[in-house]
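All of these numbers come straight from a predicted model, not from anything done at the bench.
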Amino acid sequence: MFRFPIWAIRQVIEHAEAEYYSPEAIRRELSQRQYMLENKEITPEEYREHEKRLFARLMEGQERGIEE
């Protein structure tokens, strides 16, 4: 009785994780941060912090086997 809902929830979680860790999504976010830096919406320090987090996310995605 509860197998289908659990399966469906797992599918949603897997899809969300694949999107979160996808290199394309990470590139988009990095591009947004670069735009913000160029328009002085964030400081260089904030940009570097975002860049570090995005790189760590990319590495974790690769460890999880998530690719393009």
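Annotation: side-chain hydrogen bond (donor to acceptor under 3.5 Å, both in side chains) contacts of Q11 (sequence neighbours excluded): none. With sequence neighbours excluded, no residue forms a side-chain hydrogen bond (donor to acceptor under 3.5 Å, both in side chains) with Q62. Considering only residues two or more places apart in sequence or on other chains, Q32 meets the side-chain hydrogen bond (donor to acceptor under 3.5 Å, both in side chains) condition with none of them. Judged as a salt bridge (charged side-chain N to carboxylate O under 4.0 Å, His left out), and not counting sequence neighbours, the contacts of E24 are R28.
Other members of the cluster containing I13 are I9, with ILVMFWY side chains joined at under 4.5 Å, either directly or via other members. Other members of the cluster containing Y20 are Y21, I66, with ILVMFWY side chains joined at under 4.5 Å, either directly or via other members. Chaining together hydrophobic side chains whose heavy atoms lie under 4.5 Å apart places L30 alongside I26, M36, L37, I42, Y47, L54, F55, L58, M59.
Sorted by first and then second residue, the pairs that involve residues 53-65 and meet salt bridge (charged side-chain N to carboxylate O under 4.0 Å, His left out), not counting sequence neighbours, are E17-R64, E29-R57, E49-R53, E60-R64. Evaluation of the salt bridge (charged side-chain N to carboxylate O under 4.0 Å, His left out) test over residues 38-47, restricted to residues two or more places apart or in two chains, returns E45-R48.
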